[in-house]
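Notes to accompany the following structure.
Remember, it's 1-based here, ligands and their atoms both numbered in the order they're listed. Predicted model, so just to flag it, every value in this text is computed and none were measured. FYI, side chains are in, hydrogens and waters are out, and symmetry mates aren't considered; it's all heavy atoms of this structure.
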Amino acid sequence: MSLKVYAFTCGHLTGELGHLMEGGEGRIRLPIPAYLIEHPKGTALFDTGMRPDCQHDPAARLGARLTGLFEFDYHPGEEISARLTALGREPEKIDLIINSHFHFDHVGGNALIPNATMLVQRREWDAGMDPDSAAKRGFNPRDFDLGHKLRLVDGEHDVFGDGSVVCLPTHGHTPGHQSLKLHLAGGDVVLAADSCYFCRTLRERRLPRFAYDKEAMLVALDRLAALETAGARIFFGHDPEFWQTVPQAPTAIT
Ligand SMILES: [Zn+2]
């Protein structure tokens with residue numbers, strides 16, 4: 001049973017490190033990752049990056065609050081569908097979109113993957129469908145309530161039934177955030193997404209300013225640390241230094 005996994009950079013955002021890591025200073029340029037996972041039983045994306053209209057006019061798309069927080073560095077050809085096409089894959093043939101959570105830089109490309117089933121934690125879906133909690137969490141249903149078939153899961157979930165791709169509940173950043181554990185030839189990899197923005201988040205337990213539940217975030221970090229101790233490689237959500245070490249498509253992660 002062998003997986004093929006590819007990493008894509010779907011643009012960058014620049015923001016204040018202090019918002020993203022307690023005590024951080026200055027500004028930081030964040031990679032926006034998405035991953036393609038090819039399994040004999042199907043193909044999956046883990047996150048889809050930002051909407052392509054953010055390439056031209058993010059303020060019109062996202063509103064003043066988000067565009068006040070971030071500078072956008074996102075260009076045609078960097079959206080998930082273009083990244084897939086450049087790798088020789090058809091966006092229409094992707095079977096699954098596994099979203100870590102519903103923030104705009106993780107679900108913005110869902111609209112470009114029209115025939116996939118969306119696999120998310122039920123808690124995240126419920127938070128996204130409740131107008132009050134969606135507004136509080138900064139979710140926009142137009143990013144994810146697009147008529148995709150839904151596969152809602154509760155907690156840990158074995159995606160293909162053979163233990164090679166497993167959703168791990170890492171709630172806290174949002175109500176139903178999840179990470180993804182992959183069993184590769186070179187060992188286990190955990191795609192942390194926003195449960196852990198940076199390597200320093202894990203090492204120093206410095207949380208972001210904005211979080212749904214900081215206690216739950218710390219529990220999630222403990223879980224990542226335990227997986228790392230057991231030999232897994234943790235892929236941090238938006239760490240620019242770490243990201244430089246990650247092979248990009250067409251080179252596979254092994
Ligand atoms: Zn987020």
By ring-ring contact (aromatic ring centres under 6.0 Å, His included) - contacts of F104 (at least two apart): none
Mutual orientation of the aromatic rings belonging to Y35 and F46 [parallel < 30°, tilted 30-60°, perpendicular > 60°]: tilted
Donor + acceptor pair across side chains of H106, N99 (<3.5 Å): no
The Zn ion (ligand 1) neighbourhood, protein N/O/S only, threshold under 2.8 Å: H101 NE2, H103 ND1, H173 NE2, D194 OD2
Identified ring pair (Phe, Tyr, Trp, His ring centres under 6.0 Å) counterpart of H173 within the set Y212, Y197, F210, F102: Y197
Side chain to side chain contact (heavy atoms under 4.5 Å, CB included) partner of C167, chosen from D158, L180, V120: L180
Residues, nucleotides or ligands: over 12 heavy atoms within 6.0 Å of K93 NZ: no
